[in-house]
Student: 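Structure below; questions to follow.
Both counts, for ligands and for their atoms, begin at 1 and track the order of listing. Everything numeric here is computed off the predicted structure, so don't read it as measured data.
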Amino acid sequence: MTVLPTDERSLDAVPRAAVIGGGPAGLMAAEVMASAGIHVEIFDAMPSVGRKFLLAGRGGLNLTHSEPMERFITRYGDRAPVVASWLNRFSPEDLRAWAAELGIETFVGTSGRVFPVQFKASPLLRAWLRRLERLGVTLHTRHRWEGFDGEGAPLVRPAGGDPVPVRADATVLALGGASWPRLGSDGSWVDILTRRGVMVRPLRPANCGFDVAWDEGFIAKHEGEPLKNLALSFGGTTLRGELMLTRTGIEGGGVYALSAALRDAIERDGDAVLTLDLRPQLSAEQVRDRLRRPRGSESFSNWVRKSVNLTGPLPGLVRGAAGASSEPARIAALIKALPLRLTGCRPIERAISTAGGIDLDELTPELMLKRLPGVYAAGEMLDWEAPTGGYLLQGAFASGLVAGYGVVGRLGRGG
Ligand SMILES: Cc1cc2nc3c(=O)[nH]c(=O)nc-3n(C[C@H](O)[C@H](O)[C@H](O)COP(=O)(O)OP(=O)(O)OC[C@H]3O[C@@H](n4cnc5c(N)ncnc54)[C@H](O)[C@@H]3O)c2cc1C
């Protein structure tokens, strides 16, 4: 039924493609293929598509980043050469122009991140789905993909029904990773593809929080509070950011940016020590000088608040690390380099994104699975990762576009 050999295609004048997964990667592949005159059907397990995309909209929908491409591409680590070939086809500027065509203007925030002016995802998704409908794309929600039948046709199971084979000349798999599974991407595709001989690297949390063995009294008092204006260092990288204190540890943009290296270190060594500079705007000498001010009968908290403006959870954090010592030089050293021992990663279910996935060597440059001719894959289910900052959506959109053009080329529609 699926992947008809070229000579059989004439049986059906209009080539047909199935897209499994209606996230950003799948919808982009669908748009490219439908624009080239392919009849496209999208199947998604959930009652509606783009649920993770909509959740990303709650944080303003950071679509991409405005930094120069030389810097942008480094965000994909050692997968950069492959991702660069996708971004050559669909760059951050292309993404902004594409959004503008849908009537969604974008702007560059102070951090260089790119957001829609409305700061949410729903207007973009609505406009996009209208465009797909105009292009003749059919959407089947509540249809879970369960693999392939004996002839290689994708099998989808409608809610409450039996699996049915889909008639398609090519299939794009865009099933996402395994974070936030209640939004649809649950990683259940891993077993299906592994059984077909496709090499899939273990799915692991990316842009995730970490466990810290907090002192009970400290966290009872400060759970949910932010630590702002920090410099965070690990493995030779230092960056500015903020953290959120949780019952089990830490979350937040600052630590997400270092999370790949921290996760790898914890997997290797059992734990990792993140170093926090609590007053990055002051030099070590300035902190030491200010703490030389006689403390008198002041409490520890008042002393560090009045001397170096440490407030909120910060005095407690320093105090916990200092133990019995309140010697100014020791306290100053801790304020500039407070070690925070991370004992584990938060589970993938709560991570922003997923590392691991289909090994990139399993794919042609057009993103077709070498072992499954006519089956393409895109988005977060491929083995690449990136920090937050718009790099995830950019990678999902761009790889979806490449897979879509791959199908267009294969089905002889000129891509
Ligand atoms: C809280 C949060 C905030 C985020 N914010 C941002 C941000 O601001 N900027 C950014 O760049 N990235 C952000 N991301 C990441 C970004 O949303 C994802 O990287 C992106 O959605 C991945 O796109 P995708 O199309 O590969 O997969 P997904 O968006 O996960 O879509 C996969 C689709 O496949 C469907 N599916 C899965 N399995 C099956 C099956 N067996 N059968 C049928 N359908 C199936 C799912 O229902 C889903 O619709 C955020 C993520 C989270 C969790």
Student: Between the side chains of E385 and R263, is the shortest nitrogen-to-carboxylate-oxygen separation below 4.0 Å, so that they form an ion pair?
Tutor: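 So R263 pairs with E385 through a salt bridge.
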
Student: Between D186 and R144, does any side-chain N to carboxylate O distance fall below 4.0 Å?
Tutor: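 Salt bridge between D186 and R144, a charged N being under 4.0 Å from a carboxylate O: yes.
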
Student: Assess R144 for proximity to ligand 1: is some non-hydrogen atom of it under 4.0 Å away?
Tutor: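 In this structure, R144 qualifies as a contact of ligand 1 - some heavy atom is under 4.0 Å.
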
Student: Considering only heavy atoms of M46, which atoms of ligand 1 have at least one such atom less than 4.0 Å away?
Tutor: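 Answer for ligand 1: 47 (O).
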
Student: Just let me know how A56 lines up against ligand 1, side chain, backbone, both or neither, with a heavy-atom cut-off below 4.0 Å.
Tutor: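 Both the backbone and the side chain of A56 come within reach of ligand 1.
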
Student: By side chain to side chain contact (heavy atoms under 4.5 Å, CB included), which residues pair with A337, not counting sequence neighbours?
Tutor: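 Counting only residues at least two positions away or on another chain, A337 forms a side chain to side chain contact (heavy atoms under 4.5 Å, CB included) with T275.
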
Student: Is it the case that over 12 heavy atoms from other parts of the model lie below 6.0 angstrom from the CZ atom of R240?
Tutor: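 Atom CZ in R240 is packed in, count exceeds 12.
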
Student: With atom 18 (C) of ligand 1 as the reference point, say which of E385, E380, R113 has the nearest heavy atom.
Tutor: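 Nearest option to atom 18 (C) of ligand 1, by heavy atoms: E380.
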
Student: Can you list the atoms of ligand 1 that are under 4.0 Å from a heavy atom of L392?
Tutor: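 Matching atoms, with element in brackets: 10 (C), 11 (O), 12 (N), 15 (C), 19 (O).
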
Student: Which atoms of ligand 1 have any heavy atom of G390 under 4.0 Å away?
Tutor: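 Listed by number with element: 11 (O).
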
Student: Counting only heavy atoms, which portion of M381 has something under 4.0 Å from ligand 1: side chain, backbone, both, or neither?
Tutor: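 Contact part for M381 vs ligand 1: neither.
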
Student: Taking 4.0 angstrom as the limit and counting only heavy atoms of G379, give me the atoms of ligand 1 inside it, by number and element.
Tutor: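 Heavy-atom distances to G379 below 4.0 Å select 26 (O).
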
Student: Taking the six-membered ring for Trp, are H222 and F218 parallel (under 30°), tilted (30 to 60°) or perpendicular (over 60°)?
Tutor: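 Geometry flag for F218 against H222: tilted rings.
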
Student: Can you tell which part of W145 has a heavy atom less than 4.0 Å from ligand 1: side chain, backbone, both or neither?
Tutor: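 Both of them.
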
Student: Under 4.0 Å between a side-chain nitrogen and a carboxylate oxygen: does that hold for R410 and E366?
Tutor: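 Looking at R410 and E366, the cut-off is not met.
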
Student: Taking 4.0 angstrom as the limit, do E267 and R204 come out as a salt bridge?
Tutor: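 Yes, E267 and R204 are salt-bridged.
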
Student: If the threshold is 4.0 Å, N to carboxylate O, is there a salt bridge linking E216 and R247?
Tutor: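 A salt bridge links E216 with R247.
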
Student: Considering residues at least two apart in sequence or located in another chain, which fulfil the side chain to side chain donor-acceptor pair (under 3.5 Å) criterion with R131?
Tutor: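 Result, side chain to side chain donor-acceptor pair (under 3.5 Å) vs R131: E31.
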
Student: Return yes when W180 approaches ligand 1 closer than 4.0 angstrom through a heavy atom, no otherwise.
Tutor: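 It does; at least one heavy atom falls under 4.0 Å.
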
Student: Which is closest to atom 2 (C) of ligand 1 in terms of heavy atoms, T388, L27, I352?
Tutor: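 Going through T388, L27, I352 one by one, I352 has the nearest heavy atom to atom 2 (C) of ligand 1.
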
Student: Out of curiosity, is G59 lining ligand 1, as in a heavy atom under 4.0 Å away?
Tutor: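 Heavy atoms of G59 never come under 4.0 Å of ligand 1.
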
Student: What are the atoms of ligand 1, with element, lying closer than 4.0 Å to any heavy atom of L55?
Tutor: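 Matching atoms, with element in brackets: 1 (C).
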
